[in-house]
Every structure is written in C-alpha cells, then in structure tokens.
Visitor: 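This structure is in structure tokens; I'll ask about it shortly.
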Amino acid sequence: MAVFVSMLLVAIATLLWNLGRRNADEVMGVLEKILAVVLLVISLCVGGLHQLLCFALLAVALKLPRAHQNQAPQQVASNNDIFLPF
C-alpha cells in the first residue's frame with residue numbers, strides 16, 4: 001500500500017512539474033514546481049519507493065560523461081581581451 005501511495009505522489013509531482021514548466025505565468029509555475037518538490041520529498045521520506053529511486057538516480061549518475069583534464073579553454077596571448085581569473 002505504501003508503494004502505491006508513493007508511486008501516486010511521484011506521478012502527481014511529475015504532472016505538477018510539467019505543468020509548472022509549461023505555465024505562462026511565472027509565479028504560478030514556480031508554485032507548481034515547489035508543490036512538486038514537496039510531494040516528491042514526502043513520497044521519498046514516507047513511502048517505500050525511496051530505494052528504487054535512489055538506485056535509478058545512481059544509475060543515471062554513473063552514465064554521465066566524465067570530464068577530461070585540461071578541458072577548459074586556454075588563454076590566448078595574441079588577443080587584446082582582459083583576462084581576470086576568478
């Protein structure tokens with residue numbers, strides 16, 4: 001029963017997130033996204049679906065491309081731009 005409620009809350013959160021992205025009114029869109037995040041947190045903390053979602057997020061994180069060393073662009077000395085490192 002707890003897994004069904006968690007899946008229902010995740011589905012509602014997904015629906016609210018998509019509605020928030022498509023809403024022309026920015027304030028209502030942000031409110032819908034906040035409600036979606038709250039429902040997702042409730043479903044993860046209370047429901048029994050948190051382990052499945054954690055493994056899915058771990059699988060997605062492991063599929064991300066790796067960054068290579070020296071991937072940032074090098075400073076070109078021939079142009080007249082001011083380079084300020086932060």
Visitor: Walk me through it: do Val10 and Leu40 pass the test side chain to side chain contact (heavy atoms under 4.5 Å, CB included)?
Guide: CA-CA 6 Å; Val10 170; Leu40 188 64; 4.1 Å; yes
Visitor: Any idea which heavy atoms bring Ala13 and Leu39 closest together, and the distance?
Guide: CB-CB, 4.1 Å
Visitor: I would like to know whether Arg21 and Asn18 meet side chain to side chain contact (heavy atoms under 4.5 Å, CB included); could you show each step before the answer?
Guide: CA-CA 5 Å; Arg21 287 183 57 205; Asn18 287 332; 4.2 Å; yes
Visitor: Specify the closest pair of heavy atoms between Asn23 and Met28, including all atoms of both residues, with the distance to one decimal.
Guide: ND2-CB, 3.3 Å
Visitor: Apply side chain to side chain contact (heavy atoms under 4.5 Å, CB included) to Ile12 and Leu8, showing your working.
Guide: CA-CA 6 Å; Ile12 293 172; Leu8 181 66; 4.1 Å; yes
Visitor: Please test Leu16 against Lys33 for side chain to side chain contact (heavy atoms under 4.5 Å, CB included), starting from the C-alpha separation and ending with a verdict.
Guide: CA-CA 6 Å; Leu16 280 172; Lys33 287 180 182 179; over 6 Å; no
Visitor: Quick check: do Leu35 and Trp17 have side-chain heavy atoms less than 4.5 Å from each other?
Guide: no
